[in-house]
Amino acid sequence: MAAEAQNALTDYKVVDDAIPAPLTDRKGDPEAGRAIVANRQVGLCLLCHTGPFPEERFQGDLAPDLRGAGGRWNEGQLRLRIVDSSRIVKDTIMPSFYRIDGFHRVAPAFRGKPILSAQQIEDVVAFLQTLKDQP
Amino acid sequence: MTRSIARGLCAAAAVALILSCPIRSGDAGNIPLDQRRSSYELMSPPTRAMQDDDTANPGTLWVLDGEALWQRESGAAGQACAGCHGDAAQSMKGVAARYPAFDASSGRPIDLEQRIVDCRVERQRAPAPARESKELLALTAFVARQSRGMAIEDVAGKDERLRPFLESGRAAFEQRQGQLNLSCANCHDDNWGRSLAGNAVPQGHPTGYPIYRLEWQGMGSLQRRLRNCMIGMRAETYAYGSPEYVDLQLYLAWRARGMPVEAPGVRP
């Protein structure tokens, strides 16, 4: 039951450059989202991005600073950006966090699983919306 | 030069128009020869000093072990490496700089480790040492040390028979893989010099191998390093000694042609 739930991805609809509708019924929790973004093993975001995380000494510079993302993009745009970045920038290096197909040689432990669950995506999107201040 | 200008433009453009920033995506391409840098240049002065000074370089312990094994008669043939090859400073000089090399009996490239295993088995009639065993790392470090400072040869460029394997190594380097859907080139061609969560992304040259890695607190081969990167990409690794690794190693050697051998390197 749990394993099945893990493998099946929730359907979503892309409208222009956004996924307007949430992936889950439970509203995203920005606090939980912040913890996911700050964790280099879970969200992985800080491998590439910097952001307002004074407690995190090690951040990346392969991607733009996350500060202000909530002002630059609306909720639906942020959702598509996290779910499947490659639909926005074809050759991006940003992983598709909610996708399981079209990959090559995925390690067995990660096969058939998205990087983040639908609820985690909602949490991250809720957190990103709070980032209104530009760097 | 062009690259840093492109980066500057890219940074400026990123503020206004993030989506059209070219250098961070699809910018795959080889690093111009005169812009290639060993990871050595990214290391802190104390770590560099450790590599440079044989008495401080922990890899020296493996080199000395390898030298002892080189002299020792062993296997059913009762022969030492030295019995056939004599003084390694002469006979093994430059050998590491031209591996992987084409091996006629298997009809494909083999790496230096495999070359040593073959002599152990076929010439000394001894059991094959396992990949990453102390014995094989010691012998490889000792043989590779004899090429320190010598330029990596363009073996694949010179030997037609290696061409298809070079191409397969290149394809593997450029192929997106794993759950993170990244290619080796995404990091080592397109984003070297940048910070991946505080770690400088190197160009990924094979010049120092086998290396003493401070994080491992031990010696490791190039294949161990490649496995580490693949695990980071959440990609399925190959078994040690797999032809896929050797093809990648061949491509890495071609990419680093002309750069000096540093073995045994020290890495953080």
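A note on names: the letters A, B, ... follow the listed sequences, proteins ahead of strands, and every chain is numbered from 1.
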Given that the side chain runs from C-beta out, which part of [X] has a heavy atom under 4.5 Å from chain B: side chain, backbone, both or neither?
X      : result
A:L46  : backbone
A:R105 : both
A:R57  : neither

**OP:** For B:Q179 and A:A109, indicate whether the former's side chain and the latter's backbone hold a donor-acceptor pair under 3.5 Å.
**Re:**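 Not at all, since once roles are kept as given, no pair shorter than 3.5 Å links the two residues.
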With a 4.5 Å limit on heavy-atom distance, are the side chains of [X] and [Y] in contact?
X      : Y      : value
A:R111 : B:E236 : yes
A:P95  : B:N181 : no
A:I115 : B:L180 : yes

Original post:
Can you tell me how far CG of A:L44 sits from CZ of B:R234, rounded to the nearest 0.5 angstrom?
Top reply: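 Reported to 0.5 Å precision, the distance equals 5.0 Å.
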**OP:** Calculate, to the nearest 0.5 Å, the distance between atoms CD1 and CG belonging to A:I93 and B:N191 respectively.
**Re:**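 The distance works out to 4.5 Å.
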Original post:
Given that the side chain runs from C-beta out, which part of B:S183 has a heavy atom under 4.5 Å from chain A: side chain, backbone, both or neither?
Top reply: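 Neither the backbone nor the side chain of B:S183 comes within 4.5 Å of chain A.
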Subject >> chain A contact via B:L196 - which portion, at a heavy-atom distance below 4.5 Å >> reply: both
Subject >> Shortest non-hydrogen separation from A:D61 to B:R194 and the atoms involved >> reply: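 In this case the closest contact between A:D61 and B:R194 is OD1-CB, 3.2 Å.
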